Amino acid sequence: MWVFVYFDLPTTTKKERKDYVLFRKLLLKDGFSMMQYSIYARHCPSRENAEVHTRRVKKWLPPQGEVIIFEITDAQFGRMQFFRGKHVKDRPDTPQQLELF
């Protein structure tokens, strides 16, 4: 399960820039990785874990701007294609799931 966070936050005032930086730092601290500017993704081992991270992001929402959060399965993520120019780019690594038994 993958959680994606897309955001478009205003940065015209000092307060808005501070909110932007804080939101971005909280995403990184919570294990999200930047896929593109303003697009962050995080792998979660289960739907319940994805819901936990989604709730956290909702708590951090800045007062201005637009944030989109959505979840996709590992299979859907595996069908994504990443391009840099005309060349296919390596897709981000999927963390290995720990099996206890």
Side-chain angles (χ1 to χ4, degrees):
M1 179 71 53
W2 287 81
V3 177
F4 280 81
V5 177
Y6 284 50
F7 58 90
D8 186 15
L9 302 177
T11 55
T12 51
T13 67
K14 188 174 182 177
K15 168 84 168 87
E16 290 171 343
R17 284 191 295 274
K18 187 175 178 180
D19 290 342
Y20 173 90
V21 169
L22 177 63
F23 184 68
R24 186 180 176 279
K25 281 184 179 179
L26 289 170
L27 288 175
L28 293 172
K29 187 176 177 183
D30 196 39
F32 283 85
S33 301
M34 186 174 81
M35 294 190 75
Q36 292 185 354
Y37 292 118
S38 301
I39 301 174
Y40 288 73
R42 184 188 197 290
H43 183 263
C44 298
S46 66
R47 179 172 301 279
E48 292 78 18
N49 186 260
E51 290 171 0
V52 167
H53 291 285
T54 299
R55 279 195 302 268
R56 277 189 198 153
V57 173
K58 286 180 180 177
K59 285 195 309 189
W60 304 331
L61 291 176
Q64 302 283 330
E66 183 174 303
V67 177
I68 300 169
I69 306 168
F70 67 93
E71 302 167 1
I72 63 171
T73 64
D74 289 341
Q76 290 168 327
F77 183 82
R79 289 194 299 269
M80 290 175 68
Q81 296 181 5
F82 297 85
F83 295 94
R84 176 176 292 163
K86 293 183 179 179
H87 301 285
V88 176
K89 182 181 172 188
D90 292 335
R91 98 174 16 114
D93 292 333
T94 302
Q96 297 297 317
Q97 191 165 4
L98 181 63
E99 254 183 67
L100 298 176
F101 302 100

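Bear in mind that the values here come from a model prediction, so they are computed numbers and not experimental data.
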Going by heavy atoms in the side chains, are Val5 and Trp60 under 4.5 Å from each other? no
If every non-hydrogen atom of Pro63 is compared with every non-hydrogen atom of Lys15, which pair is closest and at what distance? CG-NZ, 4.5 Å
Heavy atoms of Ala41 and Met35 approach each other most closely as CB-SD, 3.4 Å
For the residue pair Phe77 and Phe4, does the interplanar ring angle fall in the parallel (under 30°), tilted (30 to 60°) or perpendicular (over 60°) class? tilted
For the residue pair Phe70 and Tyr6, does the interplanar ring angle fall in the parallel (under 30°), tilted (30 to 60°) or perpendicular (over 60°) class? tilted
Could you see if Val52 belongs to whatever hydrophobic cluster contains Val57? Use Ile, Leu, Val, Met, Phe, Trp, Tyr and a side-chain cutoff under 4.5 Å. no
Heavy-atom closest pair, residues Phe83 and Gln81: CZ-OE1, 3.2 Å
Cluster question for you: counting only ILVMFWY and a side-chain heavy-atom cut-off of under 4.5 Å, with indirect links fine, are Ile69 and Ile72 together? no
Using 0.5 Å steps for rounding, measure from the OG atom of Ser33 to the CG atom of Leu27. 10.5 Å
Determine the sole option in Arg24, Lys25, Lys18 for which the side-chain contact (heavy atoms from CB on, under 4.5 Å) test with Val21 is passed. Lys25
Quick one: are Glu71 and Thr54 in side-chain contact, heavy atoms under 4.5 Å? yes
When clusters are formed by joining ILVMFWY residues with side-chain heavy atoms under 4.5 Å apart, either directly or through shared neighbours, do Leu61 and Ile68 land in the same one? no
Considering non-hydrogen atoms only, spot the tightest contact between Pro10 and Gln64 and give its length. CG-CB, 3.5 Å
With heavy-atom distances below 4.5 Å as the criterion, would you say the side chains of Glu51 and Arg47 are in contact? yes
Is the shortest side-chain heavy-atom distance between Val67 and Leu9 below 4.5 Å? yes
Applying the 4.5 Å side-chain criterion to the ILVMFWY set and letting contacts propagate, would Met34 and Leu22 be lumped into a single cluster? yes
Scanning both residues in full, the closest heavy-atom pair of Arg42 with Gly31 reads CG-O, 3.6 Å
Do Asp30 and His53 come within less than 4.5 Å of each other through their side chains, counting heavy atoms only? yes
Closest contact, heavy atoms only, Met1 versus Ala50: CG-CB, 3.5 Å
Phe23 side chain near Asp19 side chain, heavy-atom distance below 4.5 Å: no
In terms of hydrophobic clustering (I, L, V, M, F, W, Y; side-chain heavy atoms under 4.5 Å; direct or indirect links), are Leu26 and Phe7 co-clustered? yes
Do Asp74 and His43 touch side chain to side chain, with heavy atoms closer than 4.5 Å? yes
